[in-house]
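One structure is given here, and the rest of the page talks about it.
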Number of protein chains: 2
Amino acid sequence: MRLEQMIERLKESDCRITPQRYAVLKVLANSSEHPSVESIHAKLVEHYPTMSLATVYKTITLLKREGEILELEFSDLGNRYDGRKPYPHPHVICTECGKIIDPSHLDLEEITSKMMEETGFKIMTHRLDFYGLCPNCQG
Amino acid sequence: MRLEQMIERLKESDCRITPQRYAVLKVLANSSEHPSVESIHAKLVEHYPTMSLATVYKTITLLKREGEILELEFSDLGNRYDGRKPYPHPHVICTECGKIIDPSHLDLEEITSKMMEETGFKIMTHRLDFYGLCPNCQG
DNA sequence: TTTCGTGCAAAAGCTTTGCATTAGC
DNA sequence: GCTAATGCAAAGCTTTTGCACGAAA
């Protein structure tokens, strides 16, 4: 399961599993709504009143370095995180309410090969986002 | 040509074409390297010593509202802008030197339709970025 | 016991805003 | 002349950093 995988990876890199880190990992492993740093922190402060924003940021930096989290950068919505599927996959984003969902996987292998051929780049990863209105916001 | 198109659009929206705006538009219309606000400003200060960063930001906000510019959000590289092709198109980005190029157009029509069917979203636009090493940075 | 992590507050970027001055139209 | 745009400085956000204290192994 995701939580165990994350913990395993951090231990392999000689990181300590503190209660704070465990809590952040747990939220990331169990959230499908692509939370922000702010929302992770808000959720945790209820149970760990001293939990600081800096610790959430530091844990996320750590997970990014370990490749255990996917960062989605948005200048409007702020950065959002996907701890369940830390590999590139498409997202569908509502420009009205900020909802982000994962549609079924799309295979971009072939397109990626074509891009490498055409540009000479050695492509390592990609990002594919669709923007529009979710069913609720189409009123 | 792009510059004239931008000017036309701003005039239609009753915006004044000041020397400062004209200068920003000119840079955006003629740059293929997807400049940042900072680099646009740096280029212009040489000729217009009083040109302020705020004015560049305000002009870009205006162009975004008018749909005459494409904003590419990156938390590492900072936001970058494409004034030549203000519609969605793929980008190939070097993670080493920050170079951004436009490969030939890819048709995502069919994929977009599939996404709409699957998710119920009304998709208006998209973003597709490939990340890797450009030929120069592969040493 | 030694090293690493936490949490506070301060700093750092980047972008936006308020407001008096200046300049299009 | 009326109204909008400029440019400065200040404010706002998000994210990072420094450092003393506390906790993990």
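The chains referred to below are lettered A, B, ... by the order of the sequence lines, with proteins before strands, and numbering in each begins at 1.
- For the pair B/E38 CD and C/dT15 P, the computed distance is 9 Å after rounding to whole Å.
- Computed from coordinates, the B/E73 CD to D/dC13 C1' distance equals 15 Å when rounded to whole Å.
- Taking the screw axis at each terminus of the helix from C/dT1-D/dA25 to C/dC25-D/dG1 from five consecutive base pairs, the angle between the two is 30° to within rounding of 10 degrees.
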Nucleotides 3-13 of chain C: protein proximity per nucleotide (B base, S sugar-phosphate only, - neither; heavy atom, under 4.0 Å): BBSBBB-----
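- Hydrophobic cluster membership is shared by A/I17 and A/Y57, with clusters built from Ile, Leu, Val, Met, Phe, Trp and Tyr side chains linked at under 4.5 angstrom.
- Within the 4.0 Å cut-off from OP1 or OP2 of D/dT15, at least one side-chain nitrogen or oxygen of A/Y57 is found.
- Remark: C1' of D/dA4 and NZ of B/K11 are 16 Å apart, rounded to the nearest angstrom.
- Atom-to-atom, CD1 of A/I17 to P of D/dA23 comes out at 18 Å; the value is rounded to the nearest Å.
- Within 6.0 Å of CD on A/E12 lie more than 12 heavy atoms contributed by other residues, nucleotides or ligands.
- A side-chain donor-acceptor contact under 3.5 Å links A/H89 and A/D102.
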Would you be so kind as to tabulate the donor-acceptor pairs closer than 3.5 Å made by side chains of residues 41-51 of chain A, with sequence neighbours excluded?
unit_1, atom_1, unit_2, atom_2, d
A/H41, NE2, A/M51, O, 2.8

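- One interatomic measurement links the two molecules: NE2 of B/H41 to C1' of D/dT6, which rounds to 12 Å at whole-angstrom precision.
- Atom CD of A/E109 is surrounded by 12 or fewer heavy atoms from other residues, nucleotides or ligands within 6.0 Å.
- Taking the centre and axis of the six-membered ring of A/F74, the NZ or CZ atom of A/R127 falls inside the cone set by 45° and 6.0 Å.
- Atom CG in B/L10 sits roughly 15 Å away from atom C1' in C/dC25 (whole-Å rounding).
- When hydrophobic clusters are built by joining Ile, Leu, Val, Met, Phe, Trp and Tyr residues whose side-chain heavy atoms come closer than 4.5 Å, directly or via intermediates, A/V92 is not grouped with A/L133.
- Distance CD1 (A/I40) to C1' (D/dT15): 14 Å, rounded to an integer number of Å.
- The OH atom of A/Y22 sits 17 Å away from the C1' atom of D/dA24 (whole-angstrom rounding).
- More than 12 non-hydrogen atoms from other residues, nucleotides or ligands lie less than 6.0 angstrom from NZ of B/K64.
- Close to C/dT15, at under 4.0 Å from its OP1 or OP2, lies a side-chain N or O of B/N79.
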Go through the steps to decide whether B/E68 and B/R2 satisfy the test salt bridge (Lys or Arg N to Asp or Glu O under 4.0 Å), and finish with yes or no. CA-CA 9 Å; B/E68 289 293 318; B/R2 262 320 270 153; 3.0 Å; yes
